[in-house]
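This report concerns only the one structure given below.
In what follows, chains carry the letters A, B, and so on, assigned in the order in which the sequence lines appear, proteins first and then strands, with residues in each chain numbered from 1.
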There are 2 protein chains.
Amino acid sequence: MSENEIQCSCEGCHLKTVVYNSLNDADILSVCGDRRECRYSKGDVIIEENAEIKEFIYLKSGLVKIFRKVADGREQILNIATPMEFVSLLSVFSEKYYKFSISALDETSVCVISLDLIKSLIISNGNFALGLMEKMSKNADKIILQNLSLNMKNLRGRIAYILLIFSKDIYKSECFDLPVSRKEIAQLIDMTTENVIRILSEFRRDNIIKINGKNIEIVNLKVLEQISIHG
Amino acid sequence: MSENEIQCSCEGCHLKTVVYNSLNDADILSVCGDRRECRYSKGDVIIEENAEIKEFIYLKSGLVKIFRKVADGREQILNIATPMEFVSLLSVFSEKYYKFSISALDETSVCVISLDLIKSLIISNGNFALGLMEKMSKNADKIILQNLSLNMKNLRGRIAYILLIFSKDIYKSECFDLPVSRKEIAQLIDMTTENVIRILSEFRRDNIIKINGKNIEIVNLKVLEQISIHG
DNA sequence: CGCGGCTTTGATGTTCATCAAGTAAAGTGG
DNA sequence: CCACTTTACTTGATGAACATCAAAGCCGCG
């Protein structure tokens, strides 16, 4: 777990453009004074399940997976979070300990702010509170809807769906490197590793995608979208 | 949609004991003045998908299902909400229109408060904001965890799981009347109506439960819990 | 009374997980 | 740097789990 702290000003930070818009200069200064920035490499654990929730974590850049451990060492991935997301937004205000783990899928830097400071800002600054609630609401909605959507699809539909998320939401390109292994895709969309591979191979055979190791190129977007909807 | 308004004082209301604890007398008075109480009968629609979000809704008593419509008239149920829950807590701060519908599974009464008033309370009263965020966080966590748990279970495990939720969380008794049809159970735990019935019959045959129409009695709790965990 | 929705059971076929076996890639220690 | 081990990837064969189809009884409601 390589964890290097870096000093930087909050001036150009994305944070300001998200919820921190509602903070005045004094508030920003206190956040700025309190916060640390941490960098992680692919594979590093950022948050460990069952650890005490003491801090509020914001994803500045990179990519992370949010997951939980289930029986016999297996893992269930519930979301892949992209920059500008408050990754610890799930249990953070209701629980004492994390219910999920978070680890880096890529070079990732996060901002860490003490939860007490955030709570005092919520109490003293209503607009900040409202902005944060909006974020929480969006975040939860997205995860819940994604889950519901996946549940009603067959395996081909799920693979198509997740490829489209990588393409449209995460990389905004029809050609991208998968940030996860086949096994992790399986853990994310609830199927076996073998079937992930099998169906990717099918899609390649049918000239819907090109595969080169981790690299995926979507050749026939229309068909992929059809499969995503209609299995 | 039978919707009768009733006047009542907020004095003995559950609301106070949940988040409204943090409200002072003046705030309570303004909530009290603004709010309406509505009653619904089994089957009544309380919130319609795609309707504009203008109000904040709190479930005082009864039972409701939160669901969404998918292709060819099918429905997917994402949660059954019990009293003391803010049923509109999902999209309410992030979206302009509801993404889900809510309908009564039983005689139900809800409190309706204008969203603007709630927002102004959030802004003016930090502790209220914090309390509400706690509620939102718990609510989302519960739905997400329930979904993840269901996903990894086989059909027998899912039926056992949902029976235990009815027994422990909702009715707090080992004998209860199902508030939903077999079909709705299927929509809630993602399987077919036929298999819901088949597995309930299996459980009866194995003396794990007794069935009498909608009435269920859990005879062998231990075994049901085992099935819920290990399929 | 009859119609439509809910419930139930059985038979059948499809989808998917599991098992097995092999190749490729990537990390590890001498 | 190379042998060695481990982990990721891939394909095929098999069987189990599950959805679908079909048919019939039941119940409430107009």
Whole angstrom value for the distance that separates P of C/dT15 from CD1 of A/Ile159: 16 Å
Rounded interatomic separation in angstrom, taking CE from B/Met191 and P from C/dT8: 13 Å
Assert: residue with more 5' nearest nucleotide on DNA chain C, out of B/Leu200 and A/Asn195, is B/Leu200
Which word best sums up how the rings of A/Phe56 and A/Phe93 line up, parallel for under 30°, tilted for 30 to 60°, or perpendicular for over 60°? tilted
When you measure only distances, ignoring hydrogens and angles, does the side chain of A/Arg158 come within 3.5 Å of the base of C/dT15 through a donor and an acceptor? no
Between D/dA17 atom P and B/Ile199 atom CD1, what is the distance in whole Å? 11 Å
Between C/dA17 atom C1' and A/Ile189 atom CD1, what is the distance in whole Å? 14 Å
Taking 4.0 Å as the cut-off, does a side-chain nitrogen or oxygen of A/Lys214 come that near to OP1 or OP2 on D/dA8? no
Between A/Asn147 and B/Asn151, does a side chain to side chain donor-acceptor pair (under 3.5 Å) hold up when you go through it step by step? CA-CA 9 Å; A/Asn147 240 289; B/Asn151 281 347; 3.1 Å; yes
Of the listed nucleotides (D/dA19, C/dA17, C/dC6), which one gets closest to any side-chain atom of B/Ser181? C/dC6
How is B/Thr192 classified with respect to the nucleic acid when contacts are heavy atoms under 4.0 Å: base, sugar-phosphate, or nothing? base
Look at the side chain of B/Glu194 against the base of D/dC21 and say whether a donor-acceptor pair falls under 3.5 Å; ignore hydrogens and angles. yes
What is the separation between atom CG on A/Leu178 and atom P on D/dT10, rounded to the nearest whole Å? 10 Å
Among A/Ile216, A/Ile80, A/Ile218, which residue meets the side-chain contact (heavy atoms from CB on, under 4.5 Å) test with A/Phe166? A/Ile80
Is the phosphate of D/dT11 approached by A/Arg198 (side-chain N or O, under 4.0 Å from OP1 or OP2)? no
Quick one: label B/Leu155 by what it contacts on the DNA or RNA (base, sugar-phosphate, nothing), any heavy atom closer than 4.0 Å. sugar-phosphate
Would you mind reading off the distance between A/Ile197 atom CD1 and C/dA21 atom P, rounded to a whole angstrom? 18 Å
Is a donor from one side chain sitting under 3.5 angstrom from an acceptor on the other, for B/Asn220 and B/Asp206? no
Taking side chain as C-beta onward, heavy atoms only, is B/Ser101 less than 4.5 Å from B/Lys69? yes
Rounded to whole Å, how long is the line connecting atom NZ of B/Lys42 with atom C1' of C/dG5? 14 Å
How many whole angstroms separate atom NZ of A/Lys183 from atom P of C/dT18? 13 Å
Verify the contact: side-chain N or O of A/Ser201 to OP1 or OP2 of D/dT11, cut-off strictly under 4.0 Å; return yes or no. yes
Check: B/Arg204 side chain, C/dT7 base, donor-acceptor under 3.5 Å: no
